[in-house]
Amino acid sequence: MTDLTVADPRAALAHPSHINSDLKAQRVRSAWVFLAPTLMVLALVAGWPLVRTIYFSFTDASLTNLGGAEFVGFQNYLSWITLKSGRTIYKGLLADPAWWNAVWNTLKFTVISVSIETALGLVVALVLNAHFPGRGLVRAAILIPWAIPTIVSAKMWAWMLNDQFGILNEIFVGLGLISQKIAWTASPDTAMVAVLIVDVWKTTPFMALLILAGLQMVPVDIYEAAKIDGVHPIRVFWRVTLPLIRPALMVAVIFRMLDALRIFDLIYVLTPNNAQTKTMSVLARENLFDFDKFAYGAAASTMLFLIIASITVLYMWFGRVNFEGGER
C-alpha cells in the first residue's frame, strides 16, 4: 500500500489560499485546453468572414472582382463632393435614406416584438409552471410554433394573410371586425403589423421556455410561506417571483433581442421589396448580391454588426446582466 503524504502538512494548513489558487489556475488551464478546438472553429467559420467583410467595406469590391478590390477608405460609409455652386452632395451608407429607414424598421420591430413576446412569454411560463393535469402535454404543444422552421412559418402565414383567399380575412369579415378584405403583407399600413403577428406567434414559446427555466429555480418554500402569511398572489408576483427570475428574464430578453436585430428570413419571405418592413439585414443582402454593390453591402453588414454589438454591450451594462451568475 502506498501512503499519500504531504511534505509539510503544517505549511499546507498555514496557506490554504495558496492551494486554492493553484487549483483554480489548474482548472482555468484545463478549461482553455478543452475550449481551444471550439474557439479555433469559431475563429474559422465566424471570425475570418467577419474580418473579410470589414475589409471589403473599405474597398471597391464587386462580386465579379473580389480579388482585384482596391482600398477606397471610408467612401462606402460617407463621402461628399462640393460643386462649383457651393452645394455639397453627400454619398455613402450614412447619407443613404434607405439605410436609415432600414435602421428605424429594425429597431421598431425589435422593441415591439421583444416587448410583446416577453410579456406573453411570462404569462405562458407562469401558467405552465402551475400544477394541473396534462401539464407535460401542454408544455410540448406550446413549443410547436417555435419548432417550425421560419421559412415554413412565413409561407404558411403568407397564405393565411392573403387578401383574396386568406383565412384571417374570412374570419374578420365574418365577425364584422373589418368591412372589406385587407392585403396585410402588401399594404404600407399593415405590413409591419403582419410581420409582428407572425414573429410573436412563432417566438413567444421560446421566451416562455427560458422564463419557465427561471421559474423552476424559485424555491417552493417561499410561496408556501407567503401563502401562510396571507400575502396576495399579485403582491407575491411583484415582490417575490419577478425579482427572483429577473436574471433569467434579462438573459432571455438579450437572446431574443439579438435574434430580432438581425431578422432576415421572415421579412424576406413574408414582405419582399417592402420599404415599410425592410430591415438592415435585408438591405445588406440586396446590395451584396442583387444590386452587385458588394462593397456597399459589406459596409451595411459591418454597420449592422457594430449596432448589434453596441446595443448588446449597453443592455448588459445598464441591465446589469452577468452570464456567470445571472446578475451583477
Side-chain angles (χ1 to χ4, degrees), residues 46 50 98-125 142-158 161 184-185 190-214 245-286 297 300-319 321 323:
L50 175 61
W99 164 252
W100 291 111
N101 176 67
V103 173
W104 166 246
N105 289 337
T106 305
L107 295 178
K108 180 170 64 174
F109 170 83
T110 300
V111 172
I112 297 176
S113 64
V114 174
S115 299
I116 296 176
E117 289 158 9
T118 302
L120 293 179
L122 181 59
V123 173
V124 173
I142 202 70
L143 293 176
I144 292 177
W146 180 52
I148 298 176
T150 305
I151 300 298
V152 177
S153 299
K155 294 301 294 183
M156 177 181 69
W157 277 91
L161 295 169
W184 293 93
T185 59
T190 59
M192 181 61 75
V193 175
V195 172
L196 288 169
I197 290 174
V198 180
D199 189 75
V200 169
W201 172 83
K202 176 174 175 54
T203 319
T204 296
F206 171 75
M207 295 294 291
L209 182 64
L210 294 182
I211 297 173
L212 179 61
I245 68 171
R246 182 181 179 275
L249 187 63
M250 298 294 286
V251 173
V253 169
I254 195 172
F255 282 167
R256 179 65 198 113
M257 183 178 65
L258 290 174
D259 193 37
L261 285 171
R262 58 182 180 84
I263 184 70
F264 170 78
D265 43 8
L266 182 63
I267 303 289
Y268 193 75
V269 174
L270 198 61
T271 57
N273 301 321
N274 195 321
Q276 283 71 35
T277 60
K278 185 174 295 185
T279 59
M280 292 184 284
S281 296
V282 176
L283 181 70
R285 191 265 178 194
E286 287 181 346
S301 301
T302 302
M303 287 299 300
L304 172 60
F305 166 74
L306 294 176
I307 290 174
I308 292 177
S310 301
I311 292 177
T312 303
V313 171
L314 291 175
Y315 177 85
M316 292 175 62
W317 178 259
F318 290 106
V321 178
F323 288 98

Original post:
Is the backbone of M280 close enough, under 3.5 Å, to the side chain of T106 for a donor and an acceptor to pair up by distance?
Top reply: yes

Original post:
Could you go step by step and tell me if V195 and I267 meet the side-chain contact (heavy atoms from CB on, under 4.5 Å) rule?
Top reply: CA-CA 7 Å; V195 172; I267 303 289; 3.3 Å; yes

Original post:
So, for V269 and A154, which heavy atoms are closest and what is the spacing to 0.1 Å?
Top reply: CG1-CB, 3.6 Å

Original post:
Counting distance only, does the side-chain N/O of N105 pair as donor-acceptor with the main-chain N or O of K278 below 3.5 Å?
Top reply: yes

**OP:** Would you check, one step at a time, whether the test side-chain contact (heavy atoms from CB on, under 4.5 Å) holds for I307 with L261?
**Re:** CA-CA 9 Å; I307 290 174; L261 285 171; 5.5 Å; no

Original post:
For the atom pair CG (L306) and OG (S301), what is the distance rounded to the nearest 0.5 Å?
Top reply: 11.0 Å

Original post:
With side chains defined as the heavy atoms from C-beta onward, is the minimum distance between V198 and L266 less than 4.5 Å?
Top reply: yes

**OP:** Return the minimal non-hydrogen interatomic distance between A248 and G214, and the atom names on each side.
**Re:** CB-CA, 3.8 Å

**OP:** Hey, could you give me the OH/OG1 distance between Y268 and T277, rounded to the nearest 0.5 Å?
**Re:** 12.5 Å

**OP:** Calculate, to the nearest 0.5 Å, the distance between atoms CG and CD1 belonging to L107 and I112 respectively.
**Re:** 11.0 Å

**OP:** Could you tell me whether the side chain of T279 and the main chain of I263 form a donor-acceptor pair under 3.5 Å?
**Re:** yes

Subject >> Sole candidate of W157, F206, W146 that passes ring-ring contact (aromatic ring centres under 6.0 Å, His included) when paired with W201 >> reply: W157

Subject >> Rounded distance (nearest 0.5 Å) linking atom CG of D199 with atom OG1 of T110 >> reply: 9.0 Å

Original post:
Looking at V114 and A260, what are the two nearest heavy atoms and their distance?
Top reply: CG2-CB, 4.1 Å

Subject >> Minimum-distance pair of heavy atoms, taken over all atoms of N101 and A275 >> reply: ND2-O, 2.8 Å

Subject >> By salt bridge (charged side-chain N to carboxylate O under 4.0 Å, His left out) - contacts of D259 (at least two apart) >> reply: R256, R262

**OP:** Grab the two heavy atoms, one from T185 and one from A191, that are nearest each other, plus how far apart they are.
**Re:** O-CB, 4.0 Å

Subject >> Residue among I245, V124, V123 satisfying side chain to side chain contact (heavy atoms under 4.5 Å, CB included) with I211 >> reply: I245

**OP:** State which residues pass ring-ring contact (aromatic ring centres under 6.0 Å, His included) with W100; sequence neighbours excluded, sorted by chain then number.
**Re:** none

Subject >> Candidate pair M207 and L122, rule side-chain contact (heavy atoms from CB on, under 4.5 Å), full reasoning >> reply: CA-CA 8 Å; M207 295 294 291; L122 181 59; over 6 Å; no

Subject >> Nearest-0.5 Å distance, CD1 of residue I151 to CG of residue D265 >> reply: 5.0 Å

**OP:** Might you point out which heavy atoms bring A194 and L161 nearest each other, and give the distance in Å?
**Re:** CB-CD1, 3.8 Å

**OP:** Report the distance from atom CD1 of I197 to atom OG1 of T190, rounding to the nearest 0.5 Å.
**Re:** 9.0 Å

Original post:
Does any non-hydrogen side-chain atom of V282 lie less than 4.5 Å from one of E286?
Top reply: yes

Subject >> Verdict with reasoning, N274 to M192, per side-chain contact (heavy atoms from CB on, under 4.5 Å) >> reply: CA-CA 10 Å; N274 195 321; M192 181 61 75; over 6 Å; no

